[in-house]
Number of protein chains: 2
Amino acid sequence: MPNATIRDVAREAQVSVASVSRALNGHERVRPELRARVQEAAARLGYVPHAGARSLSLARTSAIGVVLPDLHGEFFSELLRGMDREVAAQKLALLLTVLQDGRGLNTLAALRGQVDGLVVMAPQLGAAELRAQLPAGLPAVFLNCAPGLAGAALRVDNAAGAAAMVEHLVAAGARAIAHVAGPVGNVDAEERRAGAVAAAARAGVALTVIQGDFNEASGAAAAVQVARGEIQADALFAANDAMAIGALVALKGHGVAVPAQVRVAGFDDIPLARLVTPALTTMRVDIAALGARAVQLLARRIVAPAEGLVEVGPADAEAIVPRLVVRDTTTETDRERQS
Amino acid sequence: MPNATIRDVAREAQVSVASVSRALNGHERVRPELRARVQEAAARLGYVPHAGARSLSLARTSAIGVVLPDLHGEFFSELLRGMDREVAAQKLALLLTVLQDGRGLNTLAALRGQVDGLVVMAPQLGAAELRAQLPAGLPAVFLNCAPGLAGAALRVDNAAGAAAMVEHLVAAGARAIAHVAGPVGNVDAEERRAGAVAAAARAGVALTVIQGDFNEASGAAAAVQVARGEIQADALFAANDAMAIGALVALKGHGVAVPAQVRVAGFDDIPLARLVTPALTTMRVDIAALGARAVQLLARRIVAPAEGLVEVGPADAEAIVPRLVVRDTTTETDRERQS
DNA sequence: GTCGTTGATGTAACCGTTTACACGTAACAA
DNA sequence: TTGTTACGTGTAAACGGTTACATCAACGAC
């Protein structure tokens, strides 16, 4: 007998199943004496309600699905940490699905009946493609997705962040910037590039785009071009920290002084950024807050229909603006020689 | 009409619900013509089976629960990545639960009926405490947990890893090793110390244990003792990379050549390890593999009862052996001066 | 023509909850 | 006394699937 059911408890407490359900769910109209008897019986049998059955009956699973691309490292864990924080507060559970390239196409639809809503991050999928895969009628919040989907949209304002960084570099004395872009087709990468290009144009400084792929090696490769003088630049702005760190190491290897000769900047503020020498200037995105906010928005959409105050639609779209974190790779300070 | 049910499909295809179920689940005894008609109807209505209902009927959810402590960074994401890889292969879903300090006590029991099994990592909980919270009769796999629980146990073989490192240091010419241990009470730290001590005894080299606390500062302090000659050693083996890096910096500061005068080694292979100069020799634990293996073991336990070949019990306990990653702090090479 | 056999399909019970509704009882007003 | 009301509790019908069993038609053997 693996587990007791509500009927076992009813028999044990000599009441009906309805009373057991009411007693355990804290209904009003239950005599205290009976409630106590039921609770006692439940405890005696080690009864735990069967979540699946309950969700079938309530048409509510108390779980939300998270659909993510194949992420690495800090970003992934911070996002989940933020989501979990909020999910716990709302007494929900998290069902995680990673969208690998091959599989995962019908995977999304299969979530019907298993979750009450979806937080989707699929920067590589088009709106139409995505819409086709989503189970109809499930509330959803989209993170950095193609625009125009039926649900709340939450994004990182990459363009504004990149622009802020370019402005900072210019203020720090840069006159020719090399931007190491992320992989083509990646929305974040595109937005950062566009923001950087626009800001450079506004500031009247030269900006050369070098193609990268978000990995360290490509940052290093770009740095080598700069070090050899193949590309004229007194600042190297990478679209993420991994590439910036790769570049930093490569520049050091080629005897280029940072930030004296070339300023270096990244994006994301991964933990490693403040540990490298010199410490990396970068844009910090509060990933945990992003995750928490996504869950919050979703939770609101889930209860909303019940409340009658639906007002859904793609109305609410929000953007998280990254914050500039100035460290040693862009400003000459007396801390330069230390640590 | 948010979503079609099996009855809608039955009506649309002019057959019974049983036939729909059989047709869609690939049963044998279904006339091809009827199967086609059902599939067509299902497609027309955009029917997707309701996971909750199905799991209630089948007594199988196709989901497994993952219970983790409040982890940060790389470890967390790598573990989940490994689990997801295996979970996808087994056509399961992942339900994530983070065990924060306060909450999460009844959280575990609430998973009944929502998952088919559990992967639990709760290094801070005692066996009894844990057992009390787990839903009875749920297959479970424990990661680095207290021993003696009913389920498979999977751990990192810290002792073997430490021993391997000591052997490597000896092979690299070390004759007197200083081991900077982690905080007392920490299981990983204890195991690493024990493994190092034993291996040194076997190899017939001296080994001095210096108490540390897993932070950089304690590594640096230990290094100072070695540099000053207060402790005789030609190799410094720290129980984690943070302390090793602290030691590395301190040795450099005291003009001690690494690895010529003192070899340095760490444990964990954090991302920073290959970025410091000289690059740190360390032990790499394949976290993703650990996660994948846990899911694999659990999946086996889940199907086993159905197969009749139960053979459960705490029988299978496995250990993942870390891999030695040799870099520049233990071997003099021509790469020494570079990067 | 009858009977058994076989294979495809339908009927209905079941999984474990929740809850609308029915019902019985007691308190109270007339 | 007799309605009315309010309240506590039980009965049974959902929720959306799966599947044991019943049913039925077609077929071949006698």
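FYI, side chains are in, hydrogens and waters are out, and symmetry mates aren't considered; it's all heavy atoms of this structure. So you know, we letter chains A, B, ... as the sequences are listed, proteins then strands, and number each from 1. Treat the numbers as computed from the prediction; the structure is a model and nothing was measured.
Annotation: side chain of A:V119 is not in contact with side chain of A:V67 (no heavy-atom distance under 4.5 Å). Put simply, the side chain of B:L118 does not reach to within 4.5 Å of the side chain of B:L298, judged on heavy atoms. A:E190 has its side chain out of reach of A:N186: every pair of non-hydrogen atoms, C-beta onward, lies at least 4.5 Å apart. Using a 4.5 Å heavy-atom threshold, the side chains of B:T61 and B:L95 count as separate. Looking only at side-chain heavy atoms (C-beta outward), A:D70 and A:L99 stay at 4.5 Å or farther from each other.
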Sort me out a list of protein N/O and nucleotides 5-8 of chain C N/O pairs below 3.5 Å, or just none if empty.
unit_1 : atom_1 : unit_2 : atom_2 : d
C:dA8  : OP2    : B:R29  : NE     : 3.3
C:dA8  : O3'    : B:R31  : NE     : 3.3

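Note that CG of A:D116 is 7.5 Å distant from CG of A:L92, once rounded to the nearest 0.5 Å. Note that OH of A:Y47 and CG of A:D8 are 9.5 Å apart. Values are rounded to the nearest 0.5 Å. In this structure, A:R300 CZ and A:Q90 CD are separated by 9.5 Å, a value rounded to the nearest 0.5 Å.
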**Report entry** Sequence-aligned protein contact record of nucleotides 12-19 of chain D, with B where the base is within under 4.0 Å of a protein heavy atom and S where only the sugar-phosphate is
**Finding:** B--BBBBB
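Helix-axis bend for the helix from C:dG1-D:dC30 to C:dA30-D:dT1: the local axis fitted to the five terminal pairs at one end deviates from that at the other end by 70°, rounded to 10°.
Taking all atoms of both residues into account, the shortest heavy-atom contact from A:E191 to A:V156 is OE1-O, 3.8 Å.
Ion pairing between a basic and an acidic side chain is recognised when a charged N comes within 4.0 Å of a carboxylate O; A:D84 and A:R81 show no such pairing.
Put simply, CD on B:Q14 is 14 Å from P on C:dT9, counting in whole angstrom units.
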